[in-house]
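Lettering of chains follows the sequences in order, A, B, ..., and the numbering in each one begins at 1. If you're wondering where the values come from, they're calculated on a predicted model, not measured in any experiment.
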Protein chains: 2
Amino acid sequence: MDALSRERIVAAAVAILDTAGESGLTFRALTERLATGAGAIYWHVANRNELLDAATEAVIAPVVKPVEADEPADGIRAIALGLFDAIAEHPWLATQLATQLSRSPWGSVTPRIFESIGRHVSAMGVPKAGWFTAGSALVHYILGAAGQNAANARVLGAGGDRAEFLAAASAAWERLDPEEYQFTRAVGDQVREHDDREQFLAGVDLVLAGIAASR
Amino acid sequence: MDALSRERIVAAAVAILDTAGESGLTFRALTERLATGAGAIYWHVANRNELLDAATEAVIAPVVKPVEADEPADGIRAIALGLFDAIAEHPWLATQLATQLSRSPWGSVTPRIFESIGRHVSAMGVPKAGWFTAGSALVHYILGAAGQNAANARVLGAGGDRAEFLAAASAAWERLDPEEYQFTRAVGDQVREHDDREQFLAGVDLVLAGIAASR
DNA sequence: CCCTGGATTGGAACGACATTCCAATGTTGG
DNA sequence: CCAACATTGGAATGTCGTTCCAATCCAGGG
């Protein structure tokens with residue numbers, strides 16, 4: 001039996017989260033996968049929340065590494081896509097990052113994301129007074145849109161393919177009152193034809209255009 | 001004892017959520033406040049999640065009522081501020097809306113928000129192909145920024161005042177490695193001097209500028 | 001080499017929770 | 001007034017996070 005360590009526990013947590021979602025991360029699942037007892041785990045991590053935070057950090061850290069790019073906007077797009085892919089691959093990140101943002105915004109992971117995006121914002125020539133606004137708009141759009149994309153993918157689930165999902169989503173939308181939800185329904189038709197990644201990048205570019213316009 | 005009803009249960013849930021947060025909403029707290037048993041509540045409500053959704057809807061519904069405005073942008077600002085205030089008054093909304101967005105995006109509350117914002121987006125003269133991108137950027141920024149604002153207010157808590165909070169936040173930021181977090185730290189200085197609401201609106205206007213630029 | 005103190009482990013025990021179940025009570029139409 | 005049904009209150013169940021403790025491991029000093 002290899003020595004138990006914080007890293008091994010966090011790795012096991014990520015694996016469980018990936019296959020069973022946030023509600024699947026129980027101490028029972030952990031003790032079984034690690035062939036140990038709950039007390040041993042508690043010696044290395046304070047509690048379940050700290051473990052969730054550590055798992056989030058372990059998965060996000062590689063994405064927010066500094067990126068060199070000719071254009072600052074390209075650096076932002078690269079980080080945005082990295083986050084998009086990470087959240088698509090680990091759907092539990094969406095809820096987790098949102099919760100962390102609105103529970104303890106100055107925790108460990110969120111400022112790192114903010115910083116990695118902000119570096120490029122300041123390089124864009126935005127006046128200092130606009131840094132917070134520009135950085136916030138980017139980060140909130142990126143995390144929100146990536147999370148929603150992951151949610152769509154999850155609804156799709158293991159079984160079906162894209163066509164099946166779109167059919168289900170269409171059905172759900174058709175059920176909406178056409179009068180009351182005319183915008184949402186009109187948008188549904190547009191979305192079906194576009195690639196998720198491209199659509200996400202279009203949103204990033206929209207915010208970037210806003211930053212450029214108010215510079 | 002007045003007749004138990006779904007409305008009374010939802011109202012009690014909102015009251016509990018406001019004073020004790022999401023983790024405070026237990027069936028024990030509900031049965032005590034309503035002077036009844038768990039079984040009675042389960043006859044009106046399927047489970048805890050449905051109750052959380054109903055509480056969210058009850059609090060959000062008044063905010064997403066149609067708004068008439070001379071300029072579409074003003075309508076968007078009005079709805080954004082309504083959401084901002086609702087989330088500030090009921091901080092549990094931040095986590096709840098984020099969770100609902102990334103769990104079942106096509107539930108009941110989220111499309112209503114999307115629709116109420118989208119109406120004004122289409123009135124802005126955005127070409128149809130850009131509706132989804134523009135609406136998404138707005139909604140994600142609004143919910144994300146409002147949630148973060150509520151989180152800041154919560155850290156501040158019942159006891160202290162704004163100066164105390166800013167001192168605590170400063171202290172947290174000073175502890176960050178100045179080299180590694182130079183953008184975040186620079187931004188902290190800017191933020192201290194500005195009104196939260198104005199800062200929030202500046203972000204909305206930034207996204208609106210992006211929409212106008214790509215129109 | 002052993003022995004002693006701290007580090008680490010495994011699992012039992014505890015209290016809180018969401019949910020289910022059921023007997024009892026209210027209500028209503030024939 | 002009496003059957004069917006709607007509604008209630010609370011006891012029972014199983015799962016969870018967390019705490020506690022006895023047992024084991026390990027390193028360094030005598």
Side-chain angles (χ1 to χ4, degrees), chain A residues 1-58 91-93 95-96 98-100 102-104 107-108, chain B residues 1-58 91-93 95-96 99-100 103-104 107-108:
Chain A
M1 61 193 80
D2 311 310
L4 203 53
S5 67
R6 190 171 219 269
E7 295 79 50
R8 278 216 321 139
I9 294 173
V10 171
V14 170
I16 292 172
L17 286 165
D18 285 346
T19 65
E22 186 197 311
S23 65
L25 181 67
T26 71
F27 276 81
R28 188 134 97 94
L30 276 170
T31 55
E32 272 171 21
R33 176 177 278 259
L34 294 169
T36 180
I41 294 175
Y42 272 95
W43 201 90
H44 294 276
V45 297
N47 53 45
R48 186 177 183 271
N49 273 334
E50 196 198 274
L51 183 53
L52 272 169
D53 288 356
T56 304
E57 174 141 21
W92 48 273
L93 277 178
T95 310
Q96 191 54 30
T99 303
Q100 232 164 302
S102 51
R103 180 143 43 206
S104 56
S108 153
Chain B
M1 59 193 80
D2 311 309
L4 203 55
S5 68
R6 188 172 220 268
E7 294 79 49
R8 275 208 333 132
I9 294 173
V10 171
V14 170
I16 293 171
L17 286 166
D18 285 346
T19 65
E22 185 197 310
S23 66
L25 181 67
T26 71
F27 276 81
R28 188 131 99 92
L30 276 170
T31 54
E32 272 171 23
R33 176 178 276 262
L34 294 169
T36 181
I41 295 175
Y42 271 95
W43 201 90
H44 294 275
V45 172
N47 53 46
R48 185 175 183 272
N49 274 334
E50 197 198 273
L51 184 53
L52 272 169
D53 287 356
T56 304
E57 173 141 22
W92 48 274
L93 277 178
T95 311
Q96 191 54 30
T99 304
Q100 233 164 302
R103 178 141 45 203
S104 57
S108 154

Partners meeting side-chain contact (heavy atoms from CB on, under 4.5 Å) with A:S23 (sequence neighbours left out): none
Salt bridge (Lys or Arg N to Asp or Glu O under 4.0 Å) contacts touching residues 10-26 of chain B (sequence neighbours left out): B:E22-B:R48
Determine: side-chain N/O of B:H44 to OP1/OP2 of D:dA6, distance under 4.0 Å, yes or no. no
How many Å lie between CD1 on B:I41 and P on C:dT19, as a whole number? 12 Å
Taking ring-ring contact (aromatic ring centres under 6.0 Å, His included) as the cut-off, I'd like each qualifying pair that reaches into residues 7-28 of chain A, sequence neighbours left out, listed once. A:F27-A:Y42
Not counting sequence neighbours, which residues clear side-chain contact (heavy atoms from CB on, under 4.5 Å) with A:T19? List them please. none
Go through the structure and list residues passing side-chain contact (heavy atoms from CB on, under 4.5 Å) with B:E50, not counting sequence neighbours. B:R6, B:V45, B:A46, B:N47
Pull out every protein N or O sitting under 3.5 Å from an N or O of nucleotides 14-18 of chain D, one pair per line with the distance.
unit_1	atom_1	unit_2	atom_2	d
D:dG17	OP1	A:L25	O	3.3
D:dG17	OP1	A:R48	NE	3.0
D:dG17	OP2	A:F27	N	2.9
D:dT18	OP2	A:Y42	OH	2.8
D:dT18	OP2	A:R48	N	2.8
D:dT18	O5'	A:Y42	OH	3.2

Roughly, in whole Å, what's the span from CG in B:L51 to P in C:dC17? 15 Å
Do A:L30 and A:L51 have side chains that get closer than 4.5 Å, going by heavy atoms? yes
Spacing of B:L30 atom CG relative to C:dA16 atom P, expressed in whole Å: 17 Å
